[in-house]
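To keep things clear, I will list the structure first and then write my remarks on it.
Computed from heavy atoms alone, side chains included, the values below leave out hydrogens, waters and symmetry copies.
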Amino acid sequence: MSKPIIEVKDYSHRYASTEELVLKNITFTVNEGDFVGVVGCNRAGKSTLCNHRWDIAFCIRRRLSGEIVIDGKSLNDTKGNGTTDVVGIVFQDADSQFTQQTVEDEIAFAMCNFGYERNQMRERVKFAAEACGLMGMLDRSPYHLSGGQQQRLAVASILALQPRVIILDESTSQLDPIGRDEIFRLVGELHRLGKTVIMVDHNIEKIADTVDKVVVLHEGELVAYDEPHIVFGNKNLLNEHFVRVPQVTDAAIALRDRLSIDGRLPITLQEATPIFALLTQGGV
């Protein structure tokens, strides 16, 4: 049985500049090896939940109550120390994070700051570049990469530190469909290799097709946290909080009386294809 790697316990939060709570009594657990998708409309609290809870800034922002436990250690006690050994974050705007002249130096940059030995840095740069499909681009400038390649570089820079958890905050939002699919394939492969992944994204179809748990947030509150078929099978709950279900799920609900659906609704195209094929075969 997988052990908890991140535990959020009755956690509330607000920024110093406002009295309004941006997170309200959030409680959930991410187990090691989970792939968690985080969805919700704008201002739901998704980025706050993912970006502002893992570092030393946790101690100076306005945490009102509750705690976050990472790998068995409460941030209330550690003050964020050691968090980067467990959790790495990939932000939305990749090119604004780059500071080095080449892809190779960018992957190595964080390790330089942490004082890694040169031989270890070389090994990890090679490992991260190979995992992210960047081996043929090590001498190129990060600013001469495509959007998808830049996001892969951002992932590689985190992966070189070998965190056990990778968080991606809307990392595909500024990419075209090709770049988006590159990132989802890469993250899916990292998950298959054993990484715990938390991914914020607005693409409901890709989330439904990729993750094994879904968090739904609305105005700082946790609306749902369960496996995708349960979450996306509850159209009324999601629509009440301005989150849509996958298109194939919506179609299956509309055609429920004509389709022979035994048990759960389809949430991916692969699941829906044999069901919808009955319509063209005259089976319903």
query = Below 4.0 angstrom, N of the basic side chain to O of the carboxylate: do R164 and D85 qualify?
reply = no
ask   = Quick check: does any side chain N or O of E106 sit under 3.5 Å from a backbone N or O of Q100, one acting as donor and the other as acceptor?
value = yes
request  = Treating Ile, Leu, Val, Met, Phe, Trp and Tyr as nodes and any side-chain heavy-atom pair under 4.5 angstrom as an edge, say whether I183 and L190 lie in one connected cluster.
outcome  = yes
ask   = For the side chain of Y116 and the backbone of A108, is there at least one donor-acceptor N/O pair under 3.5 Å apart?
value = no
ask   = Are E117 and R124 close enough for a salt bridge, meaning some N to O gap below 4.0 Å?
value = no
ask   = Which pair of non-hydrogen atoms, one from T27 and one from D10, has the smallest distance, and what is that distance?
value = OG1-N, 2.7 Å
query = Heavy-atom distance under 4.5 Å between the side chains of R140 and L145, does that happen here?
reply = yes
note = Value for CG (D71) from CD1 (I5), rounded to nearest 0.5 Å, stands at 4.0 Å
ask   = So Y225 and V30, side chain to side chain contact (heavy atoms under 4.5 Å, CB included) or not? Walk me through it.
value = CA-CA 10 Å; Y225 181 47; V30 177; 4.1 Å; yes
key: Common cluster, L217/I89, ILVMFWY with side-chain heavy-atom separation under 4.5 Å   = yes
Separation between NE2 of H218 and CD of E240, rounded to the nearest 0.5 Å = 10.0 Å
inquiry  = Once side-chain contact (heavy atoms from CB on, under 4.5 Å) is applied, do any residues pair with A131, and if so which ones, sequence neighbours excluded?
reply    = L159
query = Is it the case that more than 12 heavy atoms not belonging to I178 sit under 6.0 Å from its CD1 atom?
reply = no
inquiry  = Between D176 and R180 (side chain of the first, backbone of the second, donor and acceptor by atom type, cut-off under 3.5 Å), is there such a pair?
reply    = no
Atom CZ of R43: over 12 foreign heavy atoms under 6.0 Å = no
request  = State plainly whether one hydrophobic cluster holds both V87 and V8, where clusters connect Ile, Leu, Val, Met, Phe, Trp and Tyr through side-chain heavy atoms under 4.5 angstrom apart.
outcome  = yes
ask   = If every non-hydrogen atom of I198 is compared with every non-hydrogen atom of V38, which pair is closest and at what distance?
value = CG2-CG2, 3.9 Å
key: Residue pair G88 / P163: nearest heavy atoms and the distance that separates them   = N-CB, 3.7 Å
remark   = OG1 of T249 to CG of N234, rounded to nearest 0.5 Å, is 12.0 Å
ask   = Rounded to the nearest 0.5 Å, what separation is found between the CD1 atom of I107 and the CZ atom of F127?
value = 11.0 Å
ask   = Under 4.5 Å between any side-chain heavy atoms of C132 and L186, yes or no?
value = yes
remark   = Shortest non-hydrogen pair, L269 vs T273, comes out as O-OG1, 2.7 Å
ask   = Are L238 and V231 side-chain neighbours, meaning at least one heavy-atom pair lies under 4.5 Å?
value = yes
Short N-O contact, D181 and K206, less than 4.0 angstrom = yes
query = Do V155 and L168 have side chains that get closer than 4.5 Å, going by heavy atoms?
reply = yes
query = Hey, does V243 have a side-chain heavy atom less than 4.5 Å from the side chain of I204?
reply = yes
inquiry  = Strictly distance-based, threshold 3.5 Å: is any side-chain N or O of Q150 a donor or acceptor partner for the main-chain N or O of P142?
reply    = yes
key: H191 side chain vs G33 backbone, donor-acceptor pair below 3.5 Å   = yes
Residue pair I267 / P228: nearest heavy atoms and the distance that separates them = CD1-CB, 3.5 Å
inquiry  = Is there a path of hydrophobic side-chain contacts, each under 4.5 Å between heavy atoms of I/L/V/M/F/W/Y residues, joining F242 to V216?
reply    = no
query = Is the count of non-hydrogen atoms from other residues, nucleotides or ligands lying under 6.0 Å from D139 atom CG greater than 12?
reply = no
key: Side chains of L75 and Y11 in contact at under 4.5 Å (non-hydrogen atoms)   = no
message = I'd like to know whether D209 forms a side chain to side chain contact (heavy atoms under 4.5 Å, CB included) with E205, so could you lay out the CA-CA distance, the side-chain angles of the two residues, the decisive distance to 0.1 Å, and finally the verdict.
response = CA-CA 6 Å; D209 196 37; E205 277 69 32; over 6 Å; no
query = Does CD in E189 sit with more than 12 non-hydrogen atoms of other residues, nucleotides or ligands closer than 6.0 Å?
reply = yes
key: Pair R185 + E182: basic N to acidic O under 4.0 Å   = no
inquiry  = Which heavy atom of E271 sits nearest to which heavy atom of L265, and what is that distance?
reply    = OE1-O, 4.2 Å
task = Show your working on side chain to side chain contact (heavy atoms under 4.5 Å, CB included) between N42 and H202 and close with a plain yes or no.
result = CA-CA 10 Å; N42 291 336; H202 286 284; 3.9 Å; yes
request  = Give a yes or no on whether L175 and I207 share a hydrophobic cluster (residues Ile, Leu, Val, Met, Phe, Trp, Tyr; joining criterion: side-chain heavy atoms under 4.5 Å apart).
outcome  = yes
task = Any chance you could measure L161, atom CG, to M111, atom CE, to the nearest 0.5 Å?
result = 7.0 Å
inquiry  = Can you tell me if K126 has over 12 outside heavy atoms packed within less than 6.0 Å of its NZ?
reply    = no
query = Are any side-chain N or O atoms of Q151 and backbone N or O atoms of T172, one a donor and one an acceptor, separated by less than 3.5 Å?
reply = no
query = Do side-chain atoms of K46 reach the backbone of D169 as a donor and acceptor pair under 3.5 angstrom?
reply = no
ask   = At what distance, to the nearest 0.5 angstrom, does CG of L21 lie from OG of S12?
value = 5.5 Å
request  = Name all residues meeting the side-chain contact (heavy atoms from CB on, under 4.5 Å) criterion together with T29; count only those two or more places apart in sequence or in a different chain, and write none if there are none.
outcome  = P4, E7, N31
ask   = Do the side chain of D212 and the main chain of F35 share a donor and acceptor less than 3.5 angstrom apart?
value = yes
request  = Quick one: do K9 and V69 satisfy side chain to side chain contact (heavy atoms under 4.5 Å, CB included)? Show the steps, please.
outcome  = CA-CA 8 Å; K9 301 181 179 181; V69 179; 4.1 Å; yes
